Amino acid sequence: MLKEIHLSLSLVLVFACGLLYQLTLRSHCFFACLPLFTSPQGPEGLLRSGRSIVFIETSERVEPSPLVTCAVESAANIYPEQPIIFFMKWLSNATRLTPNTSSPAFSLLSAMDNVFFVPLDMRKLFADTPLFSWYTKVNSSAEKHWLHVSSDASRLAIIWKYGGIYMDTDVISIRPIPEENFLAAEGSRHSSNGRFYPIPYLHWRRYYEVWDSEPNFNDSYALHLWNFMNKEGRTVVRGSNTLVENLYRKHCPKTYKALIQDVNGTVSREPGSQTGASWMYMTVEHHPLNHGQPTTGHTAEESWLSLSQHSPTDSSSSDKAGTS
């Protein structure tokens, strides 16, 4: 009888070891095999902490591009103690991120402890905000720049309700932002934007060039790659020694290895597809008295109107304005 018990325990131990070994082999997708929200707080709890870094995808795009993946990975690396929330329209509460070799970006990002994918439900998001009445009346099918307008509105609603930091998906984080409350403008006569835009948008091609001496960007918190300007479809090429390749190597090494280095030297096209909204980064502390309202002297609706007035004529896609 005792021998039988020992044999049974030995078999259980062998089975457990085998299971752990398989999980180790599949570690790249272990978190991707779980439901969307692996935090016991759930998405609301994470957002209401007021410390989230937020990205938004308002199109139906399923697979994050290499640039989007790099933006999210770099933020996760720079802010390891803060939740990185990626709102995606195509997701639903019933969606499960299953292991899929054709979706390496999801496997890569889902394996990061502080990255969370959240369905973008605009009706739910705009509820209890000044934008709800506008959203219930607007005819999205008749709105020429709906992707851009809806993404502008979504990011404002998120910051207004929850606080945190919003970032566009073509922004590479390189060091933590020390300010608690701020608004960074792409162009202003009264402030220096080198901390976020050291390379102005008119010179965006410089990111895809080889530099004699690589800049250190010591005074910058993040780098905007101006993807909406990239109508030529320039990409990161392995071994090119361009500035953008070196930025990927340094600030999003997992993205570089999985989506650049291991795919025959080039990545898929990064189509220029962002809107031209003037405001890029926003952060406010959530406060129960003002619902986390931005301290800019404008209501959320007024701020959104100032954003939407800068939409470009080209509406091919929506990488900027919180989408990509």
Side-chain angles (χ1 to χ4, degrees), residues 28 31-32 46 51-57 63-88 104-118 155 164-179 182 184 193-199 201 204 206-208 214-228 230 234-238 242-263 267-268 270 274 280-283 319-324:
H28 69 283
F31 285 92
L46 290 171
R51 302 178 62 251
S52 298
I53 311 296
V54 177
F55 296 90
I56 304 175
E57 169 59 71
E63 173 75 2
S65 69
L67 179 54
V68 174
T69 307
C70 181
V72 177
E73 180 191 346
S74 67
N77 292 336
I78 294 297
Y79 305 95
E81 303 301 321
Q82 296 174 239
I84 311 300
I85 310 294
F86 195 172
F87 283 88
M88 300 192 75
F106 268 127
S107 294
L108 186 157
L109 294 176
S110 297
M112 297 180 183
D113 290 343
N114 61 332
V115 174
F116 303 88
F117 293 93
V118 177
R155 59 182 172 176
I165 298 176
Y166 166 84
M167 289 188 178
D168 279 343
T169 50
D170 62 345
V171 170
I172 298 177
S173 297
I174 61 176
R175 59 178 48 86
I177 301 171
E179 286 79 4
F182 69 93
N193 297 312
R195 295 187 183 276
F196 299 98
Y197 318 108
I199 296 180
Y201 76 96
W204 67 272
R206 294 288 283 147
Y207 281 113
Y208 296 89
E214 188 173 321
N216 54 38
F217 300 114
N218 284 339
D219 296 326
S220 299
Y221 302 138
L223 307 174
H224 186 192
L225 269 62
W226 308 110
N227 196 44
F228 76 98
N230 189 7
R234 296 198 179 194
T235 62
V236 180
V237 178
R238 183 183 62 184
T242 54
L243 176 58
V244 68
E245 184 193 19
N246 292 329
L247 290 174
Y248 271 53
R249 283 174 173 164
K250 183 175 181 179
H251 301 291
C252 52
K254 293 180 180 178
T255 299
Y256 181 78
K257 184 179 187 305
L259 305 183
I260 308 297
Q261 195 173 56
D262 295 345
V263 288
V267 299
S268 58
E270 301 277 13
Q274 291 184 293
M280 262 271 278
Y281 301 80
M282 297 177 289
T283 177
D319 273 344
K320 191 170 180 239
T323 65
S324 201

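Positions are given from 1, in the same order as the sequence printed here. In this text, all values refer to a predicted model and were calculated from it rather than measured experimentally. Excluded from the calculations below are hydrogen atoms, water molecules and symmetry mates; all remaining heavy atoms, backbone and side chain alike, are included.
Separation of atoms OH (Tyr248) and OG (Ser74) is listed at 9.5 Å; rounding is to 0.5 Å. To the nearest 0.5 Å, the span separating OG1 on Thr242 from CD on Glu214 amounts to 9.5 Å. Here CG of Leu46 is found 4.5 Å from CD1 of Ile85. Values are rounded to the nearest 0.5 Å. Leu108 CG to Phe106 CZ: the interatomic distance, rounded to the nearest 0.5 Å, is 11.5 Å. Note that CD1 of Ile172 is 9.0 Å distant from OG1 of Thr255, once rounded to the nearest 0.5 Å. Distance check, rounded to the nearest 0.5 Å: CD of Gln261 to CZ of Arg238 gives 6.5 Å.
What you find for Tyr79 and Asn114 is that their closest heavy atoms are O-ND2, 3.1 Å. Scanning both residues, Met167 and Ile53, for their nearest heavy atoms gives SD-CG2, 4.1 Å. Pro104 and Leu259 get closest at one heavy-atom pair: CG-CD2, 3.6 Å. Here the shortest heavy-atom pairing between Glu81 and Arg51 reads O-NH1, 3.2 Å. When all heavy atoms of Asn227 and Asp170 are compared, the pair lying nearest together is N-OD2, 2.8 Å. Nearest heavy-atom pair, Ala222 versus Ser173, reported as atom, atom and distance to 0.1 Å: CB-CA, 4.1 Å.
The shortest side-chain heavy-atom distance between Ile177 and Phe196 falls under the 4.5 Å cut-off. Taking 4.5 Å as the limit, every side-chain heavy atom of Arg155 sits out of range of all side-chain heavy atoms of Val54. Side-chain contact between Val171 and Tyr197 is absent, with no heavy atoms from C-beta onward closer than 4.5 Å. Residues Ile78 and Tyr221 have side chains not in contact (no heavy-atom distance under 4.5 Å, counting atoms from C-beta outward). Looking only at side-chain heavy atoms (C-beta outward), Glu245 and Tyr256 come within less than 4.5 Å of each other. Contact check for Asn77 versus Pro253: side-chain heavy atoms found under the 4.5 Å cut-off. Residues Arg175 and Asn218 have side chains in contact (heavy-atom distance under 4.5 Å, counting atoms from C-beta outward). The shortest side-chain heavy-atom distance between Ile84 and Met112 does not fall under the 4.5 Å cut-off.
Ser110 places no side-chain N or O within 3.5 Å of a backbone atom of Ser107 that could act as its donor or acceptor partner.
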- Apply the test side chain to side chain contact (heavy atoms under 4.5 Å, CB included) to residues Phe217 and Ile199: give CA-CA distance (whole Å), side-chain angles for both, the deciding distance (0.1 Å), then the verdict. CA-CA 10 Å; Phe217 300 114; Ile199 296 180; 4.2 Å; yes
- Task: Could you give me the CA-CA distance, side-chain angles and deciding distance for Cys252 and Thr69, then say whether side chain to side chain contact (heavy atoms under 4.5 Å, CB included) is met?
- Result: CA-CA 8 Å; Cys252 52; Thr69 307; over 6 Å; no
- Task: Test Trp226 against Tyr207 for ring pair (Phe, Tyr, Trp, His ring centres under 6.0 Å), laying out the working first.
- Result: CA-CA 10 Å; Trp226 308 110; Tyr207 281 113; 8.5 Å; no
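Between Asp262 and Lys257, at least one side-chain nitrogen of the basic residue sits less than 4.0 Å from a carboxylate oxygen of the acidic one, meeting the salt-bridge criterion.
Side-chain contact of Asp168 with Tyr166: a donor-acceptor pair under 3.5 Å is present, judged by distance alone.
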